[in-house]
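Each chain gets a letter, A, B and so on, in the order its sequence line appears, and its residues count up from 1.
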There are 2 protein chains.
Amino acid sequence: MKISLDQFDKAFENRIRLQIMSVLVANESYDFNSLKELLELTDGNLASHLKALEKEAYMEVQKSFIGRKPNTRYSVTEKGRAAFKKHLQALENLIKQQKN
Amino acid sequence: MKISLDQFDKAFENRIRLQIMSVLVANESYDFNSLKELLELTDGNLASHLKALEKEAYMEVQKSFIGRKPNTRYSVTEKGRAAFKKHLQALENLIKQQKN
DNA sequence: TGAAAGTGCTTTGATTTTCAAAGTTAATAA
DNA sequence: TTATTAACTTTGAAAATCAAAGCACTTTCA
């Protein structure tokens with residue numbers, strides 16, 4: 001019995017990136033500060049994980065102003081959604097593994 | 001909406017340890033060389049991940065001989081089984097997350 | 001006008017994790 | 001006795017993670 005892990009995505013191995021993605025697939029978009037509070041991260045740390053996901057083109061950024069305040073929102077791309085789904089499928093397969 | 005991650009287990013964040021655990025919960029026991037082949041790892045790498053799980057008392061080792069050959073088998077402990085279950089539950093919660 | 005505070009970063013540096021490769025021990029086989 | 005197999009341990013390098021500090025820009029407050 002062979003475990004297929006070609007579906008497993010290194011970008012989602014990290015707990016924080018997994019959380020970010022799960023927030024983003026469940027919400028149209030999410031802004032920097034809300035994510036920061038939700039995940040209880042320093043902004044540097046959050047920014048670097050966001051950057052990692054952006055580098056894979058799994059999410060994209062929209063910058064705007066709310067009133068006079070800058071507001072950066074993140075949303076998952078189609079590519080990200082597909083990759084995440086695939087990853088979850090890989091986890092599921094792993095778990096539902098049969099006896100050898 | 002708060003994401004509870006107190007259930008999330010750092011020992012299972014790594015892909016390889018996740019694989020090992022899923023093999024061990026699905027099988028009574030599994031031996032070193034079979035695991036090595038299954039997961040396509042160097043023996044040093046496998047041994048170190050096994051050690052990490054053993055350190056948490058998530059699995060235990062039985063050494064014996066098959067014919068004249070030494071054979072090391074690993075099996076999940078009750079603690080390990082419970083921890084793994086809890087971890088999978090955490091993943092599930094994360095994924096089934098509702099909109100904020 | 002000047003100081004403080006907020007937003008969203010980037011940079012830095014330290015710690016931790018991961019991994020392959022090489023070395024090790026102990027047994028058996030040829 | 002030399003080789004081989006099993007199962008590690010050690011070593012060292014690379015990658016990942018993270019907090020803290022620094023930064024650019026803007027707004028708000030005194």
(message) Nearest heavy atom decides the nucleotide; on that basis, is A:R73 or B:H49 closer to the 5' end of DNA chain C?
(response) A:R73
(message) Could you check whether any side-chain heavy atom of A:Y74 comes within less than 4.5 Å of a side-chain heavy atom of A:L53, counting everything from C-beta outward?
(response) no
(request) For A:E13 and for A:R68, locate the closest nucleotide of DNA chain D by heavy-atom distance; then report the residue assigned to the nucleotide nearer the 5' terminus. (result) A:E13
(request) Among C:dC9, D:dA7, C:dC19, find the nucleotide with the atom closest to the side chain of B:R15. (result) C:dC19
(request) Let me know the distance between CG of A:L39 and P of D:dC18, rounded to the nearest Å. (result) 11 Å
Provide a list of protein-nucleic acid N or O atom pairs under 3.5 angstrom, restricted to nucleotides 20-22 of chain C.
unit_1 : atom_1 : unit_2 : atom_2 : d
C:dA20 : OP2    : B:T42  : OG1    : 3.3
C:dA20 : OP2    : B:N45  : ND2    : 3.1

(request) Could you check how far NZ of B:K55 sits from C1' of C:dT17, rounded to whole Å? (result) 12 Å
(message) Using whole Å, what does the distance between atom P of nucleotide D:dA6 and atom CG of B:D31 come to?
(response) 9 Å
(request) Using whole Å, report how far CD of B:E37 lies from P of D:dT5. (result) 13 Å
(request) Decide yes or no for B:S22 and B:F84: does some side-chain heavy atom of the first lie under 4.5 Å from some side-chain heavy atom of the second? (result) yes
(message) Using the side-chain heavy atoms of A:N71, tell me which of these nucleotides is nearest: D:dT28, C:dG8, D:dT9.
(response) C:dG8
(message) For the CZ atom of A:R73 and the CD1 atom of A:I66, what is their distance to the nearest 0.5 Å?
(response) 6.5 Å
(request) Measure the distance from CG on A:L46 to P on C:dG6 and round it to the nearest whole Å. (result) 18 Å
(message) Expressed as a whole number of angstroms, how long is the span from B:L50:CG to D:dC8:C1'?
(response) 10 Å
(request) For the residue pair B:L91 and A:L88, establish whether any side-chain heavy-atom pair is separated by less than 4.5 Å. (result) no
(request) Take the protein atom CG of A:N14 and the nucleotide atom P of D:dT17, then report the distance between them rounded to whole Å. (result) 4 Å
